[in-house]
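Remarks on the structure that follows.
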Amino acid sequence: MALSRRTLLGLAAGVPVSAALAACGSSGPGKSGGGATYWYLNGQPQEGVRAGAVDAFNKAHPDDQIADTTFQNDAYKTKIKTAIGAGQAPTIIWGWGGGTLRTYAEAGQVEDLTSWFDEHSEVKERLFPTSFGAATVDGKIYAMPCETVQPIVLYYNRQVFDQVGVEPPQSWEDIMALVPRFNAKGIAPFSLGGQSRWTNMMWLEFLFDRIGGPELFQAIAEGEKDAWSHPDAITALTKVQELVEADGFVKGFSSITADSNADQALLYTGRAAMMLQGAWSYGIQKTDGGTFVSSGALGFMNFPPVEGGKGDPSGAVGNPAQYLSISSKASAEQKKVAKDFFATGVLQDAEVKKWIGNGSVPIRLGTEKLLAASESADFLQFTYDLASKAEVFTQSWDQALSPTAAETLLDNIVKLFQLSVSPEQFARNLNAVTGK
């Protein structure tokens, strides 16, 4: 699944993920009695930030302790699903929100936090408004948004653009017009690690948003019958195939992996002009690309509008945040500790500074001065503005949908990009797994 790759790469900003054991014990006290329990992902530098927030809370609350346990990504997904199903979930459940959270909420396995947020409006008001969409199921909030925002960004190589004598695209028409210009110079218009599947998905996420507006995917996420066959959806699917047919992507993109960062290397070595990738890519390019980032050669922008489209050009897609839920099976005392942690332990000043130090943008409002002091100030401020000012932030589709639907989606996206299914066939295949 894409989640593991994106999340582990997501906050690392180029720092290698530690090869830790599947479950690595606890950094906090309070393992016995009525204390709260908390499971989350390991891998540095994220693990250190998460553990630091727990330690700080435990020091400030000697009588209300949280015992934390860490897991590798894929092991965590299996373990948490099993534990929740068996009624043995940790008090605090770390996750991605979206489709998985919906399954928990509909089964009554996580607490409805709507009234708590109403009573603690100051907690809600300090976070990006866009972070609450993936925490909400049928109008009710079931998770506390936390950690960082990871929008998808259109990156470009300024040196290559100067070499060819062209400007960054301001519309879909511009994108299509740039394709033959770069190809004529032997430069791939777009890098793409297509073997990884979720990288292809980002193109559809933006085209659906720009052409049909956020309502188009919202209807899909809510299980509306035949939502994938909406005329705007067919238009978006057709446009991406037109880009493939025009040789818009690097030759052999279906055999290039994003896990190896090969797609990013094509951009910073000048073999590709542009690339659609997550905000986490900035740190990887900074680490691996020599002087590419420090010299100012890396350009970045939001995805441009599509002529006649209904979507707001400020709209963002990607990972709006990470999410913490409370198990409905926890004791009243454990639930109280968890809520105290949400109010006074999540995204406090020390944690915010650590995320920024890792090259990430925390979802807390009002961090502009801290971002400005970072050596990556320009990119972090761009990311902050993109995420905090977007009217709508659409969650990555493979997180927004149920795990089963997400797998069908990723398989069919590969076929769409390989031109082995038509837009209409793609829509029929997806309608079969998302329509109620």
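Basis for what follows: all heavy atoms, side chains included, without hydrogens, waters or symmetry-related copies.
Ring to ring, Phe161 and Tyr156 are close: their centroids are under 6.0 angstrom apart. Taking the six-membered ring wherever Trp is involved, the centroid distance between the rings of Phe300 and Tyr155 does not fall below 6.0 Å. The distance between the ring centers of Tyr76 and Tyr40 does not fall below 6.0 angstrom. For Tyr38 and Trp94, the ring centers sit 6.0 Å or farther from each other.
Evaluation of the ring-ring contact (aromatic ring centres under 6.0 Å, His included) rule for Phe128 yields Tyr384 as partners, not counting sequence neighbours. Checked against side chain to side chain donor-acceptor pair (under 3.5 Å), Arg271 has the following partners two or more places apart in sequence or in another chain: Thr269. Every residue was checked against the side chain to side chain donor-acceptor pair (under 3.5 Å) condition with Glu391, not counting sequence neighbours, and none meets it. Every residue two or more places apart in sequence or in another chain was checked for a ring-ring contact (aromatic ring centres under 6.0 Å, His included) with Phe292, and none qualifies.
Between Arg197 and Asp411 there is a salt bridge, since at least one side-chain N of the basic residue sits less than 4.0 Å from a carboxylate O of the acidic one. In this structure, Arg50 does not pair ionically with Asp68, as no charged nitrogen and carboxylate oxygen lie closer than 4.0 Å. The pair Arg210-Asp312 does not count as a salt bridge, with every side-chain nitrogen at least 4.0 angstrom from each carboxylate oxygen. Of the charged side-chain nitrogens involved, none lies within less than 4.0 Å of a carboxylate oxygen, so that Glu351 and Arg364 do not count as a salt-bridged pair. A salt bridge links Glu106 to Arg102: at least one charged side-chain nitrogen sits closer than 4.0 Å to a carboxylate oxygen.
No side-chain heavy atom of His120 sits less than 4.5 Å from a side-chain heavy atom of Lys339. Side-chain atoms of Val123 and Trp116, non-hydrogen and from C-beta on, do get closer than 4.5 Å to each other. In this structure, the side chains of Asn183 and Pro189 come closer than 4.5 Å at one or more pairs of heavy atoms. Side-chain contact between Thr136 and Tyr142: absent, with no pair of heavy atoms (C-beta onward) separated by less than 4.5 Å. Residues Asn157 and Leu298 fail the side-chain proximity criterion, which asks for heavy atoms closer than 4.5 Å. By the 4.5 Å heavy-atom criterion applied to side chains, Leu243 and Met176 are counted as neighbours. Residues Asp232 and Lys310 form a side-chain contact, since some pair of their non-hydrogen atoms from C-beta on lies under 4.5 Å apart.
A donor-acceptor pair under 3.5 Å is absent between the side-chain atoms of Gln218 and the main chain of Glu222, judged by distance alone. A donor-acceptor pair under 3.5 Å links the side-chain atoms of Asp112 to the main chain of Thr114, judged by distance alone. A donor-acceptor pair under 3.5 Å links the side-chain atoms of Thr37 to the main chain of Thr91, judged by distance alone.
Counted by atom type alone, Gln425 and Asn429 present zero donor-acceptor pairs between their side chains at under 3.5 Å. Side-chain N/O atoms of Asn358 and Ser360 include no donor and acceptor closer than 3.5 Å. A donor and an acceptor atom, one from each side chain of Asp263 and Ser191, are nowhere located under 3.5 Å apart. Residues Glu245 and Gln241 have side chains that never bring a donor and an acceptor to within less than 3.5 angstrom of each other. In this model, no donor atom of one side chain and acceptor atom of the other lie less than 3.5 Å apart for Asp162 and Gln159. Remark: the Ser376 side chain and the Lys286 side chain contain an N/O donor-acceptor pair separated by less than 3.5 Å. In summary, the side chains of Thr257 and Ser260 do present a donor paired with an acceptor at a separation below 3.5 Å, with no hydrogens or angles considered.
We find the CD1-CG distance between Ile66 and Asp340 to be 8.5 Å, quoted to the nearest 0.5 Å. Here Glu424 contributes atom CD and Ser229 contributes atom OG; the two are 8.5 Å apart, rounded to the nearest 0.5 Å. Of the inter-residue distances, the one linking Tyr323 atom OH with Leu101 atom CG reads 9.0 Å to the nearest 0.5 angstrom.
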- Residues Ile175, Phe303; criterion side chain to side chain contact (heavy atoms under 4.5 Å, CB included); working and verdict: CA-CA 10 Å; Ile175 284 178; Phe303 196 87; 4.3 Å; yes
- Item | Evaluation steps, side chain to side chain contact (heavy atoms under 4.5 Å, CB included), between Phe190 and Met275 | CA-CA 5 Å; Phe190 286 98; Met275 176 182 69; 5.8 Å; no
- Task: Verify side-chain hydrogen bond (donor to acceptor under 3.5 Å, both in side chains) between Gln285 and Ser281, making sure each step is shown before the conclusion.
- Result: CA-CA 6 Å; Gln285 294 181 68; Ser281 171; 2.9 Å; yes
- Message: What verdict does the salt bridge (Lys or Arg N to Asp or Glu O under 4.0 Å) test give for Glu111 and Lys329, after you've listed the backbone C-alpha separation in whole Å, the side-chain angles of each residue and the deciding distance to 0.1 Å?
- Response: CA-CA 9 Å; Glu111 284 283 285; Lys329 299 281 196 261; over 6 Å; no
- Task: Verify side chain to side chain contact (heavy atoms under 4.5 Å, CB included) between Gln109 and Ile93, making sure each step is shown before the conclusion.
- Result: CA-CA 11 Å; Gln109 293 163 329; Ile93 302 164; over 6 Å; no
- Gln46 and Trp355: side chain to side chain contact (heavy atoms under 4.5 Å, CB included), yes or no, with the steps? CA-CA 8 Å; Gln46 311 94 299; Trp355 287 126; 4.0 Å; yes
- Checking side-chain hydrogen bond (donor to acceptor under 3.5 Å, both in side chains) for the pair Ser396/Asp398: CA distance, chi angles, key distance, verdict? CA-CA 6 Å; Ser396 295; Asp398 55 353; 4.7 Å; no
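What you find for Ala273 and Val160 is that their closest heavy atoms are CB-CG1, 3.9 Å.
Residue pairs meeting the side-chain hydrogen bond (donor to acceptor under 3.5 Å, both in side chains) criterion with at least one member in residues 79-88, sequence neighbours excluded, do not occur. Judged as a ring-ring contact (aromatic ring centres under 6.0 Å, His included), the pairs with a partner in residues 222-268 (not counting sequence neighbours) are, in order, Trp203-Phe249, Phe208-Trp228, Trp228-Trp397, Trp228-Phe426, Phe249-Phe253, Phe249-Phe417.
Because its NZ or CZ atom is both nearer than 6.0 Å to the ring centre of Trp96 and within 45° of the ring axis, Lys77 counts as a cation-pi partner of that residue.
Checked options Leu365, Leu347, Val346; the residue passing with Leu127 is Leu347 (criterion: side-chain contact (heavy atoms from CB on, under 4.5 Å)).
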